[in-house]
Amino acid sequence: MKNINILKVGLAQISPIWLDKLKTIEKIKSSIVDAAAKKCELVVFGEGLLPGYPFWVSLTNGAEFNSKVQKELHAHYLRNAIQIELGELNEICTLARENKIAIYLGIIERPKNRGGHSLYCSLVYIDQDGKICSVHRKLQPTYEERLTWSPGDGNGLQVHSLKEFTVGGLNCWENWMPLPRAALYGQGENLHIAVWPGTIDNTKDITRFIARESRSYVISVSSLMSKNDFPAATPHISKILENAPEVLANGGSCIAGPDGEWVLEPVVDKEGILTATLDFNRVLEERQNFDPSGHYSRPDVTQLMVNRERQTILKLKDGEA
């Protein structure tokens, strides 16, 4: 009989085949198989891994209006973004079901219900039965990201049961936003997933801070990216490489326990599946003295309202034939 208190997790610290969704999907599938072989029950991938983070924006004067370079790169990004409605994650879902492994995957989404021509940085949760249970569109793109990603909505502020754990997740700097964190805490989250494009500067402090604040496990997963990872066929590749540093994303994936101490210290410049085993009882122990949505909350004084309606420009009402 399986011990429902114990969860083995895998952190997929990998680089994408940048802006090539088909090849990146194959690499993700290989990583899922690798994680399953390591007996992982949950595997997490970094922010926007499929098909990649928009590194070109800050390297090619992305704010130049009506720039042919920016338009052509954006069109290339759109063509390699993911349309979930067309079944582009089906093979990944099948692997989740076959291997009984849950997945958090960062994608660049091109959703039909927003017209199909704008991009969202989305975090997808696929359960162990291969079902897509939530798609969280990043609420607020950060700085240069706003030149290519659209702001999301609250529909994906959801948590999910995984053995005795309750998991939820946020994209990158959303993890600094107190109210989205509180929205997940209030739903019983005790295993928080924080995904990042890839740098230890993002993960080394906030991972432990969120763990201490929430008395939960926190898994931070970052991707990797070096100057050599840009495919030669990328539009305007010479212009991108002209200003690119040797390393754009060095990883820093890590895990903090409910006491804020390291379960897995940040790992840099290493590609592969990092693993750890989490004991749910540690959550119960640390909630004894502090529980942000339970005995240490005052809902008679402060409450949070969350709108989880999926935003769309159309509400179609067809008449009867």
Side-chain angles (χ1 to χ4, degrees), residues 9-21 23-32 35 42-55 57 77 80-84 88-89 91-93 95-96 101-111 119-127 132-142 145 148-153 155-158 160 167-177 180 184 191-199 202-203 206-207 218-225 229 248-254 271 273-274:
V9 299
L11 289 62
Q13 183 164 280
I14 63 175
S15 60
I17 311 302
W18 197 67
L19 305 198
D20 187 326
K21 68 179 172 183
K23 289 182 179 178
T24 301
I25 285 173
E26 289 305 309
K27 189 166 185 177
I28 289 167
K29 287 163 58 181
S30 177
S31 296
I32 294 168
L42 168 68
V43 61
V44 183
F45 296 85
E47 181 190 40
L49 176 73
L50 179 60
Y53 187 80
F55 289 110
V57 177
Y77 206 27
N80 282 278
I82 297 300
Q83 291 191 297
I84 297 174
E88 292 188 320
L89 296 182
E91 292 180 354
I92 292 171
C93 291
L95 276 179
I101 187 169
I103 300 168
Y104 266 106
L105 173 63
I107 70 168
I108 304 307
E109 185 190 7
R110 182 184 173 187
L119 298 175
Y120 296 80
C121 175
S122 298
L123 181 59
V124 180
Y125 178 69
I126 302 168
D127 70 11
I132 295 176
C133 296
S134 65
V135 179
H136 175 53
R137 295 175 187 163
K138 189 173 186 177
L139 295 170
Q140 182 59 57
T142 300
E145 295 170 358
T148 186
W149 295 344
S150 307
D153 57 38
N155 182 260
L157 290 174
Q158 300 182 37
H160 309 283
V167 298
L170 295 172
N171 297 283
C172 198
W173 274 25
E174 283 186 313
N175 290 287
W176 287 114
M177 298 170 70
L184 298 178
L191 173 52
H192 181 76
I193 307 300
V195 298
W196 310 87
T199 168
N202 281 325
T203 63
I206 194 171
T207 304
V218 177
I219 296 175
S220 280
V221 177
S222 290
S223 303
L224 299 171
M225 187 75 185
D229 290 325
L248 297 94
N250 66 1
S253 300
C254 53
E271 185 159 21
I273 304 296
L274 313 172

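Numbers here simply count residues along the sequence, with the first being 1.
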Check: CD1 of Ile84 to CD1 of Ile132: how many Å apart, nearest 0.5 Å?
Finding: 5.0 Å
Next item on the list: Report, as yes or no, whether the 6.0 Å neighbourhood of atom CH2 on Trp18 holds more than 12 heavy atoms from other residues, nucleotides or ligands.
Entry: yes
Item checked: Chi angles and distances behind the side chain to side chain contact (heavy atoms under 4.5 Å, CB included) call for Leu157, Leu170 -> CA-CA 8 Å; Leu157 290 174; Leu170 295 172; 3.8 Å; yes
Note to self: Test of understanding: with side-chain contact (heavy atoms from CB on, under 4.5 Å), list the residues that count as partners of Thr148, not counting sequence neighbours.
What the structure shows: Pro54, Trp56, Val57, His74, Tyr77, Leu119
Check: In Å, rounded to the nearest 0.5 Å, how long is the span from NZ of Lys27 to CD1 of Ile14?
Finding: 5.5 Å
Checklist line | From His136 atom NE2 to Ile193 atom CD1, the distance as rounded to the nearest 0.5 Å | finding: 13.0 Å
Note to self: As an exercise, state the distance from CD1 of Ile103 to CD1 of Ile92, rounded to the nearest 0.5 Å.
What the structure shows: 6.5 Å
Check: So, do Leu11 and Val44 sit near enough that their side-chain heavy atoms are less than 4.5 Å apart?
Finding: no
Next item on the list: Answer whether the closest heavy-atom distance between the side chains of Leu248 and Asp229 falls below 4.5 Å.
Entry: no
Note to self: With heavy-atom distances below 4.5 Å as the criterion, would you say the side chains of Phe45 and Ile107 are in contact?
What the structure shows: no
Notebook entry, point to check: For the residue pair Ser222 and Gly198, what are the closest heavy atoms and their distance?
Noted result: CB-CA, 3.3 Å
Item checked: Shortest non-hydrogen contact from Gly106 toward Leu123 -> N-CD1, 4.1 Å
Check: Is a side-chain donor-acceptor pair under 3.5 Å present for Ser122 with Glu109?
Finding: yes
Next item on the list: Output the distance between atom CE (Met225) and atom CG (Leu49), rounded to the nearest 0.5 Å.
Entry: 10.5 Å
Note to self: Any non-hydrogen side-chain atom of Asn175 less than 4.5 Å from a side-chain atom of His192?
What the structure shows: yes
Notebook entry, point to check: How long is the gap from CD1 on Ile32 to CD1 on Ile273, to the nearest 0.5 Å?
Noted result: 9.0 Å
Check: How close do Gly169 and Tyr104 get, heavy atom to heavy atom, and via which atoms?
Finding: N-OH, 3.9 Å
Next item on the list: Tell me, please, which residues at least two apart from Glu145 pass side-chain hydrogen bond (donor to acceptor under 3.5 Å, both in side chains).
Entry: Tyr53, Lys138
Check: Mind checking what makes side-chain hydrogen bond (donor to acceptor under 3.5 Å, both in side chains) contact with Ser220, not counting sequence neighbours?
Finding: Trp196, Thr207
Next item on the list: Could you check Leu105 against Leu89 for side chain to side chain contact (heavy atoms under 4.5 Å, CB included), going step by step and ending with a plain yes or no?
Entry: CA-CA 10 Å; Leu105 173 63; Leu89 296 182; 4.2 Å; yes
Next item on the list: Check Leu139 against Glu174 and note the closest heavy-atom contact, atom names and distance.
Entry: N-OE2, 2.7 Å
Checklist line | More than 12 heavy atoms from other groups under 6.0 Å of CD on Gln83 | finding: yes
Note to self: Applying side-chain contact (heavy atoms from CB on, under 4.5 Å), can you list everything that pairs with Leu224, at least two apart in sequence or on another chain?
What the structure shows: Gln13, Ser15, Glu271
Item checked: side-chain contact (heavy atoms from CB on, under 4.5 Å) against Lys23, all qualifying residues, sequence neighbours excluded -> Ile17, Asp20
Check: Considering only heavy atoms from C-beta outward, does the side chain of Pro51 approach that of Ile108 to under 4.5 Å?
Finding: yes
Next item on the list: Measure across Gly52 and Pro16 and return the closest heavy-atom pair with its distance rounded to 0.1 Å.
Entry: CA-CG, 4.2 Å
Item checked: Minimal non-hydrogen separation, Val221 against Ala12, with atom names -> CG1-O, 3.7 Å
Notebook entry, point to check: Residues in side-chain hydrogen bond (donor to acceptor under 3.5 Å, both in side chains) with Ser31, at least two apart?
Noted result: none
Item checked: Cys172 and Thr142, any side-chain heavy atoms less than 4.5 Å apart -> no
Check: Should Pro141 and Pro151 count as side-chain neighbours, where that means a heavy-atom distance under 4.5 Å?
Finding: yes
